[in-house]
Amino acid sequence: MGKNRGKIQDQNMELRIHEGNENEHEENYEEPPLDHEDEKLIKRALIDFKCKVEDAMHGNYLFGIPDTHPCHNQTTKEIEQLNEIKLWGVALMPSKPHEGTDTLLLKFLKSKNYVVHEALEKLRKTLAWRKEFKVDEILEENLGPEFQKVAYLNTVDKEGRPVFYHVYGDLKDKPMQYLEKMRAEENSDKFLRWRVQQMEKCIKELNFEPGGADSLIQVIDWKDFQGPHTKELRSVYRKCWTLLEEHYPEIIHQYIIVNVPLRYYVSHSFSSRLITHKPSNKIIFARPGKVTETLLRFISPENLLVEYGGLKRINDNEFSSEHKVFELNLKAHASTHIEIPAPEVGVTIVWDVTVVEWDVTYKEEFIPEDEGSYQVLLQDKEKKGGERLC
């Protein structure tokens, strides 16, 4: 019997280890609460919007085809069809609502600053686009293996929202001829369909009922995504961005773009200040040296992938998201000890440590409690910030 002890010494660093008590610093990145007057205005806008949506459905012009015949009375079948009109699995008929109907309609209202007629027009255009684009069939489509490594859905943020990753650096090894084909309309449409397919898969993970996670976090990795070979793909991605803003309002809670080149980071910050007089809080850019620090503001260490400085691995047999992380902050030139008790003989203890930011000197040793026994040095290494110690 005895204990395992790790000694860490160096500059200002942050230690995360899958052992011990949770001691996490939670940063609130939600929007400020609404005051009473704002709440009343939003409630009135929602009531007005629901009335107009129902009128549009009964008038058969929600899809842009108004029924102006004065003598037309809807049959029972037509009424049943209206009640079955859904978006993302949520019924749109306000008089026969789904528990998530208000949440969904509020997303369209919020995207248009609660201007009711503009929100209604956005909803109509979205429904018409989905019909034309055949979105309801897209999950069943096989769009090929070209982009399968680029996107994946993995883990949740601190508020329980799904985190969706796009890693465009995985395209850097594609042949130049392949990327140039993105200029062709056929291949551009295929990429757009693939992107919409990914969004629809993400939405399957959302819950529009009150209190549910009704939006997601989008992490976009630009590492190795530079140079002329990606020019065509960037152009197509701008089309995707526009499409998502138009037809998926408020579905993406936060864009976090990581490994952004310094030149782009500076130019975007400057241009956004000129346009809005303040940086946008929905899009966050993180340069290579700030990736882990930025992502940890939104995603807890046990849910952040190891390649981004967290402790989560794909198909990890040792740890899961239920194993909370102990965090330790050290000041410059300080040192500390972390003890992991080993009260029984024959017990295997597994721990996982990662360092954020500064380089550290790290030592592991086994210290037995029996008299006459001797200490065993397990590991004594210098680690750089962002590396795992395990």
Side-chain angles (χ1 to χ4, degrees), residues 49 52-53 56-57 59-67 81-93 98 100-101 103-112 117-148 150-153 162 164-166 168 171 178-179 181-206 208 214-216 218 220 232-253 255 282:
F49 189 33
K52 290 188 180 304
V53 169
M57 294 177 78
N60 199 28
Y61 60 89
L62 189 59
F63 291 90
I65 310 173
D67 184 357
Q81 289 175 341
L82 290 175
N83 291 338
E84 292 175 0
I85 296 177
K86 295 181 179 181
L87 177 59
W88 304 319
V90 177
L92 291 179
M93 177 66 82
H98 177 277
T101 301
T103 300
L104 190 148
L105 294 178
L106 277 169
K107 290 183 178 295
F108 283 87
L109 272 173
K110 185 178 179 181
S111 70
K112 288 300 183 179
H117 72 274
E118 292 184 5
L120 179 62
E121 183 63 19
K122 189 180 186 76
L123 176 60
R124 290 176 63 237
K125 287 182 177 179
T126 294
L127 292 174
W129 167 78
R130 291 178 68 85
K131 190 174 182 180
E132 179 184 354
F133 207 71
K134 298 181 180 179
V135 177
D136 292 337
E137 305 170 12
I138 206 165
L139 287 176
E140 306 302 323
E141 292 185 21
N142 181 3
L143 298 173
E146 291 93 339
F147 300 103
Q148 294 308 309
V150 177
Y152 51 94
L153 184 66
F164 183 51
Y165 293 86
H166 265 181
Y168 286 109
L171 294 174
Y178 173 80
L179 292 174
K181 287 181 181 178
M182 294 304 297
R183 182 182 304 170
E185 184 175 350
E186 178 183 352
N187 290 298
S188 175
D189 288 345
K190 183 177 180 180
F191 183 85
L192 290 175
R193 290 194 68 77
W194 169 81
R195 185 64 183 90
V196 169
Q197 186 183 66
Q198 298 305 311
M199 278 300 294
E200 294 294 318
K201 287 181 179 179
C202 289
I203 289 173
K204 290 288 186 183
E205 303 296 321
L206 300 183
F208 294 102
D214 58 20
S215 59
L216 58 93
Q218 169 80 80
I220 302 170
E232 304 303 334
L233 194 56
R234 286 179 186 272
S235 174
V236 175
Y237 188 75
R238 281 194 291 269
K239 295 179 183 178
C240 289
W241 192 288
T242 301
L243 183 147
L244 297 182
E245 290 297 305
E246 285 296 318
H247 302 307
Y248 293 89
E250 302 299 321
I251 291 295
I252 298 179
H253 176 76
Y255 290 95
K282 190 166 183 175

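Between L123 and F49 the shortest side-chain heavy-atom distance falls below 4.5 Å. Residues S215 and I251 have side chains not in contact (no heavy-atom distance under 4.5 Å, counting atoms from C-beta outward). Taking the side chain as every heavy atom from C-beta outward, V135 and W129 approach each other to under 4.5 Å. No side-chain heavy atom of K112 sits less than 4.5 Å from a side-chain heavy atom of L120. Two residues are said to be in side-chain contact when any heavy atoms from C-beta on lie closer than 4.5 Å; E200 and Q197 fail this criterion. Between P162 and L206, some side-chain heavy-atom pair lies under the 4.5 Å cut-off. Using a 4.5 Å heavy-atom cutoff, the side chains of F208 and I203 are in contact. The shortest distance between side-chain heavy atoms of L92 and K86 does not fall below 4.5 Å.
T101 places a side-chain N or O within 3.5 Å of a backbone atom of A91 that can act as its donor or acceptor partner. A donor-acceptor distance shorter than 3.5 angstrom exists from the side chain of K282 to the backbone of I252, with no hydrogens or angles considered. With hydrogens and angles ignored, the 3.5 Å screen pairs no side-chain donor or acceptor of Q218 with any backbone N or O of Y255.
Each of K107, E246, H247 was compared with K122 under the side-chain contact (heavy atoms from CB on, under 4.5 Å) criterion, and only E246 meets it.
Here F108 contributes atom CZ and E250 contributes atom CD; the two are 10.5 Å apart, rounded to the nearest 0.5 Å. Rounding to the nearest 0.5 Å places CD1 of I220 at 5.0 Å from CH2 of W241.
Ion pairing of E137 with K134 is absent here, as no side-chain N (NZ or NE/NH1/NH2) approaches a carboxylate O to less than 4.0 Å.
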Inset, instruction - May I have the step-by-step check of side chain to side chain contact (heavy atoms under 4.5 Å, CB included) for R130 and L87, ending in yes or no? - result: CA-CA 9 Å; R130 291 178 68 85; L87 177 59; 3.4 Å; yes

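Ring-centre distance between H166 and W194: below the 6.0 Å cut-off.
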